[in-house]
Amino acid sequence: MAGSPGGREEIVSFALECGGTATGEHGIGIGKRKFMAREHGDSLKLMKQIKDLLDPNGIMNPGKIFE
């Protein structure tokens, strides 16, 4: 799997189609960030607003989930 980004995308897409999640035990990560909108829909905007309230200077894990 390490050398197969297309394979990973297929697996994540399948998991989302089955009602699962794009994340694993280590969180979302940069590689799966592109699936956030598909998985969370409109609530992603709320997540970003909460992050901005808790971290107004953007110093906690900058660029990892929200660009």
Item to complete: First locate atom CD of E17, then atom CZ of R38, and finally report the distance between them rounded to the nearest 0.5 Å.
Response: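 E17 CD to R38 CZ: 5.5 Å, rounded to 0.5 Å.
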
Worksheet item: Taking atom OG of S13 and atom CZ of R8, what is their separation to the nearest 0.5 Å?
Response: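 S13 atom OG to R8 atom CZ measures 13.0 Å (nearest 0.5 Å).
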
Side-chain heavy atoms of [X] within contact of [Y], under 4.5 Å:
X   : Y   : value
E39 : T21 : yes
H40 : K45 : no
F66 : R33 : no
I65 : K51 : no

Worksheet entry | Residue pair D55 / M60: nearest heavy atoms and the distance that separates them |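 Between these two residues, the closest heavy atoms are OD2-N, 2.9 Å.
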
Worksheet entry | K64: side-chain contact (heavy atoms from CB on, under 4.5 Å) partners, not counting sequence neighbours |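 With neighbours one apart ignored, the set is I30, N61.
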
